[in-house]
Amino acid sequence: GSDPTNTSAGSGSKASASSSASGSTTQPIVVGSASFGESEILAEIYAQALTAKGFDASTHLDIGQREAYIGALKDGSISLFPEYTGNLLTYFDPKATATAPADVDAALKAALPDTLTTLTPSAAEDKDSYNVTADFAKKNNLHTIADLKGVSGLSLAGNPELKTRSYGVPGLDKVYGISGISFTPISDSGGPATVKALTSGKVDVADIYSTTPSISQNHLVTLSDPKNLVAAQNVVPLIRKDHDSADVDAVLNAVSAKLTTASLLELNTKFNGPDKPKAADVAADWLKANGLA
Amino acid sequence: MIEYRSVAKTFPDGTEAVHDFSLVLPSRSTTVLVGSSGCGKTTLLRMVNRMVDPSSGQVLIDDADVASRNPVELRRSIGYVMQHSGLLPHRKVVDNVATPLRLGGVGRRDARSRALAALETVGLDPTLADRYPGQLSGGQQQRVGVARGLVADPNVLLMDEPFGAVDPIVRAELQQELLHLQRDLGKTIVFVTHDIEEAFLLGDQVVILRKGGEIAQVGTPAQILADPADEFVRSFVGLDRGRRTLRIQEVDGKRVVVDADGRAAGVLA
Amino acid sequence: MIEYRSVAKTFPDGTEAVHDFSLVLPSRSTTVLVGSSGCGKTTLLRMVNRMVDPSSGQVLIDDADVASRNPVELRRSIGYVMQHSGLLPHRKVVDNVATPLRLGGVGRRDARSRALAALETVGLDPTLADRYPGQLSGGQQQRVGVARGLVADPNVLLMDEPFGAVDPIVRAELQQELLHLQRDLGKTIVFVTHDIEEAFLLGDQVVILRKGGEIAQVGTPAQILADPADEFVRSFVGLDRGRRTLRIQEVDGKRVVVDADGRAAGVLA
Amino acid sequence: MSGISEGISWLTDSAHWHGDDGFPHRIAQHLGYTSLTVVIASAIAIPLGLWIGHTGRLRGLAIALTGALRALPTLGLLTLVVIWRGIGLTPPIVALVVLAIPPLLAGAYAGLESVDRATIDAARAIGMNEWQVLGKVEVPLALPLIIGGLRAAVLQVVATATVAAYIGLGGLGRYLIDGLAVRDYPQMVAGSIVIVVLALVLDGIFAVVQRALSIQR
Amino acid sequence: MTWFFDNLSYIRELAWRHLWLSVIPVVLGFVIALPIGYAARRWRLGGKTLLSLASVLYTIPSLALLIIIPGLLGTSFLDPTNVLIVLTVYAVALMVGTAAGAFGSVSESVVDAARASGYSTWQRIVQVELPLAGPVLLAGVRVVSVSTVSLATIAPLIGVSNLGSLFTDGFQRYFATEIIIGILCVVVLALLLDVLWVLIGRLTMPWLRVRGSR
Ligand SMILES: Nc1ncnc2c1ncn2[C@@H]1O[C@H](COP(=O)(O)OP(=O)(O)OP(=O)(O)O)[C@@H](O)[C@H]1O
Ligand SMILES: Nc1ncnc2c1ncn2[C@@H]1O[C@H](COP(=O)(O)OP(=O)(O)OP(=O)(O)O)[C@@H](O)[C@H]1O
Ligand SMILES: [Mg+2]
Ligand SMILES: [Mg+2]
């Protein structure tokens with residue numbers, strides 16, 4: 001309560017209310033999240049799972065910029081963060097080339113700074129995916145990214161970094177031989193503005209995270225990626241080494257084991273649903289359903 | 001001739017500036033309204049060019065009710081000179097003077113030459129014509145104001161404390177000049193002041209006002225001094241304080257006229 | 001006694017406000033500096049309390065050079081009354097008057113009671129004490145200014161056109177009151193005005209100044225009127241325009257004194 | 001501080017001075033958004049401000065309105081309009097117009113209010129009609145303050161037009177958003193420097209104009 | 001609407017935090033801008049330049065400033081101090097000009113009268129010039145306050161949540177209601193704060209209330 005930076009007062013007070021043998025001896029864990037729903041829900045899941053096992057865990061949600069939350073992890077303002085293997089790797093090593101899940105994980109472990117580590121990645125994946133509208137897919141007979149090669153004057157929307165990253169514009173050219181793309185950078189991580197740009201016909205293709213409910217809601221077609229252009233993006237707990245312990249690992253690994261890509265989509269759909277529930281409640285329901293809390 | 005017929009003015013905020021005022025102001029002469037601050041002088045003056053419309057009663061110019069005239073047209077036909085010159089600070093002196101002409105539809109060149117002539121009439125150096133008002137002294141600005149009031153050759157000239165803001169020496173000069181001008185031009189002048197000396201100097205007819213535009217006395221200066229209507233007038237013109245009660249004293253062989261307080265007023269001719 | 005010894009003042013921008021001025025101002029009497037705008041009156045006045053330091057020469061109060069005194073201390077020991085009252089708009093009337101006492105270290109309660117007494121001295125209703133200056137009329141504000149100048153009972157009182165901004169009727173009242181006060185208090189007053197009538201009324205000694213603080217004539221009012229030093233003085237005091245050249249006229253059976261222009265000046269006793 | 005020197009070398013790298021991503025093009029876009037915004041905002045705010053100043057009516061409303069508009073967060077408006085209208089020029093222009101209106105409105109009505117009542121009275125008294133009073137007296141005399149409002153509006157818009165880059169448009173905001181996306185700090189610093197310099201230059205131009213306008217009084 | 005009531009305590013907390021994230025910079029900005037504005041006013045030559053520089057501070061993009069500040073000052077990343085500093089910088093930028101104008105608005109003749117009554121320099125600045133600059137300063141504080149409340153919505157970008165979080169969250173969820181509620185809360189907060197400044201002005205400047213009541 002007295003820490004003004006803690007938004008999630010509910011889970012914070014819950015954490016301090018309960019106590020058990022293992023929890024009372026470790027230092028408090030602050031779980032951070034980025035400012036999009038999935039990240040917030042995952043952070044809540046970690047925090048509540050830890051709390052349920054007696055750890056003193058709280059959340060600091062809604063940190064808009066990766067700069068800020070990586071910095072916060074490094075300086076100890078937060079100690080745990082739900083991350084994605086591929087993106088995290090590119091962040092620490094912009095020239096990384098690994099794409100397969102195991103390769104990415106290995107490269108990531110090597111690239112991480114000394115103070116941080118990642119636990120076992122879950123099977124759940126949420127990665128950049130190239131999407132087109134159903135009409136556009138039908139008209140151009142599109143199924144895979146490779147099919148885009150035949151479309152002339154292609155336009156693409158996505159986060160600004162797509163312009164320079166290996167899985168973005170340069171990769172489409174190098175891996176699939178698609179060149180001459182006009183790129184519109186939209187800084188909402190495949191959020192509503194990007195979707196709107198696609199559905200309103202402003203662009204032909206949009207990079208949207210694969211577990212975004214709007215893909216199915218707008219009947220978008222996700223183009224498959226036979227050549228593994230896009231690196232694996234498995235959900236993985238990123239934690240400060242000084243907060244890491246076998247007890248913590250046990251809790252988080254149990255969570256990771258239950259998480260699937262389908263469950264991410266389900267969580268996101270619920271979070272974006274008509275009730276607009278709180279991330280904490282969505283997380284609590286999932287933990288209960290999976291017997292983790 | 002200007003005639004007030006039972007005019008009254010109550011402002012929207014409830015202030016009754018003029019209660020019930022009737023007066024005839026003869027043509028080609030100067031009538032001075034004098035009274036202390038807030039007694040309604042300005043309000044009365046501005047009824048003539050419809051800057052203020054009376055709540056009741058009429059103001060007539062040459063027997064025509066001003067209420068029947070378009071105010072903008074009316075104002076263009078009447079000269080108006082005010083205390084703080086009211087010059088437009090962003091226009092050159094000559095353009096300020098030419099404004100009433102230009103508004104009346106006179107061509108640019110013609111207006112300019114008439115404006116220059118008007119500046120000469122009020123004794124201003126033509127080299128000042130292309131300055132901005134801010135570059136003139138207070139006295140010069142007042143002269144420009146008078147020139148602007150005269151330039152369209154109006155029959156009626158309204159002057160609202162035109163010399164109130166300049167220092168006494170310049171003021172005396174301006175008063176003298178107005179007297180000379182009026183001798184030549186013979187306008188119908190309504191002049192407002194709160195300085196009784198100025199009123200006595202300039203007025204053919206002097207109107208001493210009480211609060212609410214009530215007339216305390218009307219007459220020539222000498223009539224008023226010789227025969228003040230009541231205590232208020234006596235006090236207003238200074239007869240009570242002894243400064244109008246003069247006697248003669250010998251100083252350095254000259255006959256100096258001093259007032260009851262011993263203040264020197266002048267030397268006997 | 002205040003003495004100017006060959007003082008001169010050139011402002012940083014090069015304006016030579018005072019060229020070379022020497023004068024003795026006797027104690028317990030009123031000396032009036034009179035002259036037209038910009039002739040250096042204010043500059044001379046402010047040398048006394050070191051609001052202006054002379055470029056050369058000295059100002060002495062009771063034979064001590066003011067330059068040797070701390071300016072803040074000096075100012076606290078001298079009363080100063082200015083044209084626009086100079087009251088602090090954010091302090092109540094009584095606090096304004098008490099300011100010089102408070103600055104001099106007098107306790108709050110004591111200062112307040114002396115301030116109330118000073119307000120009474122200048123004829124102000126004590127109910128006004130807890131108003132702000134903005135709630136008073138111009139004349140009342142000037143009275144407060146005088147009260148503030150007097151409150152610390154200074155020997156020297158500097159007054160810079162203190163009645164210049166009020167209307168003539170109130171002005172005449174204030175002048176009378178100052179005369180009465182001075183009769184009782186006997187301060188050394190330096191009074192600045194550009195109104196020669198005021199100078200003649202208030203001054204024991206009148207100093208007529210030309211540009212640059214040059215003395216045109218020093219003397220009592222009667223001396224100056226009877227024996228003007230030169231054309232400048234004649235013109236300044238109005239002897240040239242005939243308004244000091246009086247004659248007697250019969251109106252309605254009274255002997256009215258009129259000037260050369262025929263303007264009525266008063267009635268012979 | 002090394003960030004700033006790296007930013008300067010990014011800035012002086014000739015590779016960043018041509019093409020669609022080059023500074024000239026981005027500056028042109030940025031100025032384009034700025035002028036479009038200021039033109040629209042002026043068209044709304046200045047007539048309204050002149051009317052309020054001239055008539056003295058609705059002054060309280062104008063003050064409340066400028067206060068409320070100032071309180072409207074640019075980011076919130078931007079996202080809201082994006083949700084309604086999708087991406088494009090509309091959302092940033094709407095958000096920026098809202099930002100630009102308060103200083104323009106305040107400049108216009110405060111400008112007119114600053115004109116000496118006696119001067120306006122004199123203008124009426126010598127026979128000007130209301131339009132002449134407004135056009136020949138009030139507006140010319142209020143011009144320094146009106147321009148002052150314009151100056152403030154332009155500065156704020158130049159500083160805030162970076163938001164256009166959030167949703168796919170160009171302008172100098174691109175350097176900030178793109179730089180941030182790929183952790184290219186020198187690019188961000190360079191972009192910021194250009195924005196600040198642009199603002200300084202515009203501010204200087206306005207200062208000169210204002211000085212020229214008030215010189216004769 | 002139901003969302004608003006369901007999340008009332010959350011919104012209240014965000015608003016509370018928004019409040020102090022805004023008030024502190026406004027107060028600090030005021031305190032810092034006062035001497036700078038006074039100096040700019042007195043110091044004829046450099047004054048104009050100082051004012052220009054201050055107003056240009058305002059044009060440094062907030063995003064850049066937010067990212068740079070922790071590196072520059074060694075503050076921790078999620079520290080609300082970063083936001084406070086950035087908002088204070090903008091508040092100073094906006095306030096310096098007003099402060100200079102405010103001191104300029106004090107009548108020369110009153111200052112002169114104060115000197116003549118024997119005020120020392122410090123007494124004069126504190127007891128005369130400062131209070132008399134009050135009305136213009138208050139107007140300035142009101143503008144700065146409203147702008148700061150609005151500007152503070154950028155804080156969530158660096159992990160300091162406040163009412164601005166409702167925008168990012170609403171945007172992610174394609175949820176206009178949340179954004180609109182966010183905007184309304186910001187406006188209401190700004191207006192409430194404005195009322196506070198006006199009240200403080202009334203209390204500290206009683207002489208203004210009676211002006212014109214003559
Ligand atoms: N527009 C107005 N609205 C309300 N009251 C007004 C207005 N104009 C003048 N008054 C009031 O009407 C009364 C008479 O005002 P007016 O200006 O005619 O006086 P005045 O004799 O010219 O005074 P002064 O010598 O101070 O110019 C005053 O009480 C004044 O306050
Ligand atoms: N601080 C100053 N800097 C430069 N010039 C000044 C300053 N103060 C006064 N002057 C100039 O010095 C001359 C004398 O000024 P001063 O104020 O003493 O005149 P004054 O006789 O009091 O005039 P007024 O009757 O208008 O008050 C004027 O030309 C004036 O412009
Ligand atoms: Mg009047
Ligand atoms: Mg003077």
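In what follows, every heavy atom counts, from backbone to side chain, and hydrogens, waters and symmetry copies are set aside. So that the names make sense, note that chain A is the first sequence line, chain B the second, and so on, each numbered from 1. Predicted, not measured: the structure shown is a model, and the values here were computed from it.
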Asker: Among residues 185-201 of chain D, which ones touch chain E with a heavy-atom distance under 4.5 Å?
Answerer: D:Tyr185, D:Met188, D:Val189, D:Ser192, D:Ile195, D:Val196, D:Ala199, D:Leu200
Asker: Could you give all pairs that pass the salt bridge (Lys or Arg N to Asp or Glu O under 4.0 Å) test and reach residues 74-87 of chain D, with sequence neighbours left out?
Answerer: none
Asker: Nearest 0.5 Å please: distance from the CG atom of E:Leu63 over to the CG atom of D:Leu180.
Answerer: 5.5 Å
Asker: With a 4.5 Å heavy-atom cut-off (strictly below), which parts of residues 88-120 of chain D touch chain E? List them by number.
Answerer: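 None at all.
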Asker: Should we say atom CH2 of D:Trp17 is surrounded by more than 12 heavy atoms from elsewhere, each under 6.0 Å from it?
Answerer: yes
Asker: Pick one of side chain, backbone, both or neither for E:Val187, based on which atoms fall under 4.5 Å of a heavy atom in chain D.
Answerer: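 Its backbone and side chain both get close to chain D.
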Asker: Give, for atom OG1 of E:Thr153 and atom CG of D:Leu75, the distance between the pair rounded to the nearest 0.5 Å.
Answerer: 5.5 Å
Asker: When rounded to the nearest 0.5 angstrom, what is the spacing between CG in E:Asp169 and OG1 in D:Thr79?
Answerer: 11.0 Å
Asker: Can you see which heavy atom on D:Leu176 is nearest to which on E:Ala64, and at what distance?
Answerer: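 Nearest heavy atoms, D:Leu176 then E:Ala64: CD2-CB, 4.0 Å.
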Asker: Could you check which of E:Leu166, E:Ile179, E:Leu191 has the highest count of heavy-atom pairs closer than 4.5 Å to chain D?
Answerer: E:Ile179
Asker: Are any non-hydrogen side-chain atoms of D:Leu72 and E:Ser150 less than 4.5 angstrom apart?
Answerer: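 When only atoms from C-beta onward are counted, E:Ser150 and D:Leu72 do not touch, as no gap falls below 4.5 Å.
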Asker: If you look at every heavy atom in E:Val146 and D:Ala71, which pair is closest and at what distance?
Answerer: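 Looks like CG1-N, 3.3 Å.
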Asker: Looking only at heavy atoms, which two atoms of D:Ile83 and E:Gly170 are closest? And how far apart?
Answerer: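 What the structure gives for the nearest pair is CD1-O, 4.0 Å.
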Asker: May I ask you to list the residues in residues 148-169 of chain D that approach chain E closer than 4.5 angstrom, counting heavy atoms only, ordered by number?
Answerer: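 Against chain E, the residues of residues 148-169 of chain D that fall inside the cut-off (heavy atoms, under 4.5 Å) are D:Arg151, D:Leu155, D:Gln156, D:Ala159, D:Tyr166.
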